Amino acid sequence: MKKAEGYQSITVPEARLDEFFQVVQWAFVGEWLIEDRQDYIDALPVERARGLEVTDERRGAVGEIAAVHASFGTEMITPGGRRVSAAGLSWLGVHPSHRRRGLMTEMMHDHFRRCLERGEAVSTLYAMEAEIYARFGYGMGAQTVKASIPRGPRMWKVEGADELTVRLERADFDAHDQLVADLQAKLTRPGTILNPVGSGRNARFTDPLGNRKGMEKWRIAIVEDRGEPVAYAFFRRKADSDIGIHDGICQVREHGALTPAASQRLWETLTDFDLVETTYTENLATDDPLLHQLKDARGARSKVIDNLWVRLLDVPTALQSREYFHDCDVTVGLTDKHVPDNAGTWRIVVRDGEATVTRAEGAVADLTMDVRHLSTVYLGGTSVESLAAAGQVLEHTPGQARELAVAMMSPVAPLANWDF
Ligand SMILES: CC(C)(COP(=O)(O)OP(=O)(O)OC[C@H]1O[C@@H](n2cnc3c(N)ncnc32)[C@H](O)[C@@H]1OP(=O)(O)O)[C@@H](O)C(=O)NCCC(=O)NCCS
């Protein structure tokens, strides 16, 4: 591991946010529009904006910010509808003049240390490149289905869907933040990221012009049952036509529904806009009700890609913050290069859905794995047995990979609904 010599970690003050944004634009290859500045500020968890500043002139101009990151303080739903305190890592970038000097490594350690001080047992992120984060202990905790649904798909009817009403409005923080938060509080899908606290909490409503690519501003669809919201979705459309044939698209971002009927009414609405031929989304869980309601699911041309990356920071707290679906008694030998307190042998005993996780130094491990593998299976979307079959988890006591797999697999597939 390289050490970032000649740099120091700082909290980036509000007065230096433009420097922070400059590093982000360099790292992510883009030039923002001046008029989007406020949107970016609104989307940033400002009090958790961190940077690495040059302290040695051999590295660059002393005092300049060379690398940045920030994180959202959130709760995440875990299997069984429980919650864990989780930090959503975002905005991580290193200025190209300072790459491959260990700055990212330094920032990851800074992030892990501060999360643990705040009592955040898990870190989550969306990965720009899939290969980068496994080395820091992140595992692919949830996958998503990308789908392109042709207009007006035929569906297996769900009773009660026709009785629900739909409101279509421009998405607005003041009008809809509480409504979304109240609906989310009733969701049980693991991986769901609840509204963040502090600044940046309206990030899901920001809408920089430079990102719109000719699409309208974000709209929101709200499905109601006698005035009570039962589903919501953020969406936006773009008109297009060729020789008079209308070929517009609708993009659906975060969404949630409390009942099968609400889900059907929501998707019937989102796939039936005039002048729109295709509704596109990257936010379907692999078991989303829509996929079982479509008569021609193949017609949605789906692809599965990675969604949320998960990293357990405090292993016993994280494991005890979810429900289990079978009793088990398994001893796990864990490696963790970046948070050494997690390394060692752990005994996981589950009785009636509750886990007790204790240190078992000296015990013979039934399974050995790295923290990234435990992080991969944490939300219950991937089984320990499949990681053993792939040669990633080693099984020393026959049958124990299955024992832990059955206890940890979630009956509901995980998905993070909000791309932070
Ligand atoms: C990716 C990025 C953050 C790496 O920063 P960095 O300071 O050069 O990384 P470090 O020097 O700390 O390297 C950390 C390790 O990751 C590896 N690594 C770095 N970039 C990588 C990449 N793109 N793919 C795979 N591995 C990578 C390094 O080889 C190093 O491995 P080692 O510890 O075995 O030597 C930086 O290049 C960047 O900002 N890129 C553009 C923005 C981006 O992709 N951000 C991530 C957003 S999710």
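One-based numbering, in listed order, for ligands and for the atoms of each. These numbers come from the heavy atoms of this one structure, side chains and all, not from hydrogens, waters or symmetry mates. Note that the coordinates shown come from a computational prediction; the quantities given were computed from them, not determined experimentally.
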Open item on the list: On the six-membered ring of Tyr133, is Arg311 placed so that its NZ or CZ lies under 6.0 angstrom from the centre and within 45° of the ring axis?
Closed with: no
Task: N/O separation below 3.5 Å, Phe136 to ligand 1 - done: no
TODO: Consider every N or O of Ala127 and every N or O of ligand 1, then say whether any pair is closer than 3.5 Å.
DONE: no
Task: Test: Arg170 cationic atom under 6.0 Å from Trp218 six-membered ring centre, within 45° of axis - done: no
- [ ] Answer yes or no for atom 34 (O) of ligand 1: protein heavy atom present at a distance under 4.0 Å?
- [x] yes
Task: Heavy-atom nearest neighbour in the protein, as seen from atom 38 (C) of ligand 1, with distance rounded to 0.1 Å - done: Val94 N, 3.9 Å
Task: Thr55 side-chain N/O to Gln8 backbone N/O, donor-acceptor pair under 3.5 Å - done: no
- [ ] Salt-bridge test for Arg37 and Asp18: reply yes if a basic N is under 4.0 Å from a carboxylate O, no otherwise.
- [x] yes
Open item on the list: At less than 4.0 angstrom from any non-hydrogen atom of Arg99, what atoms of ligand 1 do you find?
Closed with: 8 (O), 37 (O)
Open item on the list: Students should be able to answer this: which protein heavy-atom is nearest to atom 43 (C) of ligand 1, and at what distance?
Closed with: Phe28 CE2, 3.9 Å
TODO: Going by the side-chain hydrogen bond (donor to acceptor under 3.5 Å, both in side chains) test, name the single residue among Asp272, Thr279, Thr271 that passes it with Arg151.
DONE: Asp272
Open item on the list: Are His98 and Tyr7 an aromatic pair, judged by ring center distance below 6.0 Å?
Closed with: yes
Open item on the list: Give me the nearest non-hydrogen protein atom to atom 24 (N) of ligand 1 as residue plus atom name, then the distance to 0.1 Å.
Closed with: Ile132 CG1, 3.7 Å
Open item on the list: Suppose we measure from atom 41 (C) of ligand 1 to each protein heavy atom; which comes out shortest, and what is that distance?
Closed with: Ala27 O, 3.2 Å
TODO: State the atoms of ligand 1, each with its element, that fall below the 4.0 Å cut-off from a heavy-atom position in Gly93.
DONE: 39 (O)
Task: Presence of salt bridge, Lys146 and Glu282, under 4.0 angstrom - done: yes
TODO: List the closest protein heavy-atom neighbour of atom 45 (N) of ligand 1: residue, atom name, distance to the nearest 0.1 Å.
DONE: Leu92 O, 3.1 Å
Open item on the list: Heavy atom to atom 20 (N) of ligand 1, shortest distance: which of His69, Arg100, Met108 holds it?
Closed with: Arg100
Task: Ion pair check, Glu361 and Arg359, cut-off under 4.0 Å - done: yes
Task: NZ or CZ of Arg322 within 45° of Tyr324 ring axis and under 6.0 Å - done: yes
Task: Test of proximity, Met104 against ligand 1: N or O pairs below 3.5 Å - done: yes
Open item on the list: Evaluate Arg135 for polar contact with ligand 1, using N/O atom pairs at a separation under 3.5 Å.
Closed with: yes
Task: Ionic contact status for Glu106 with Arg50, cut-off 4.0 Å - done: no
Task: Identity and separation of the nearest protein heavy atom to atom 46 (C) of ligand 1 - done: Tyr133 OH, 3.5 Å
Open item on the list: Within the 4.0 Å heavy-atom shell around Leu103, which atoms of ligand 1 are there?
Closed with: 7 (O), 12 (O)
TODO: Let me know which of Phe28, Trp26, Trp32 forms a ring pair (Phe, Tyr, Trp, His ring centres under 6.0 Å) with Phe21.
DONE: Trp32
Open item on the list: Taking distance alone, with N or O pairs closer than 3.5 Å, would you say Gly102 contacts ligand 1?
Closed with: yes
Open item on the list: For ligand 1, which is the ligand I care about here, please tell me if Thr105 has any N or O atom under 3.5 Å from one of the ligand's N or O atoms.
Closed with: yes
TODO: Please determine if Glu129 has a nitrogen or oxygen closer than 3.5 Å to a nitrogen or oxygen of ligand 1.
DONE: yes
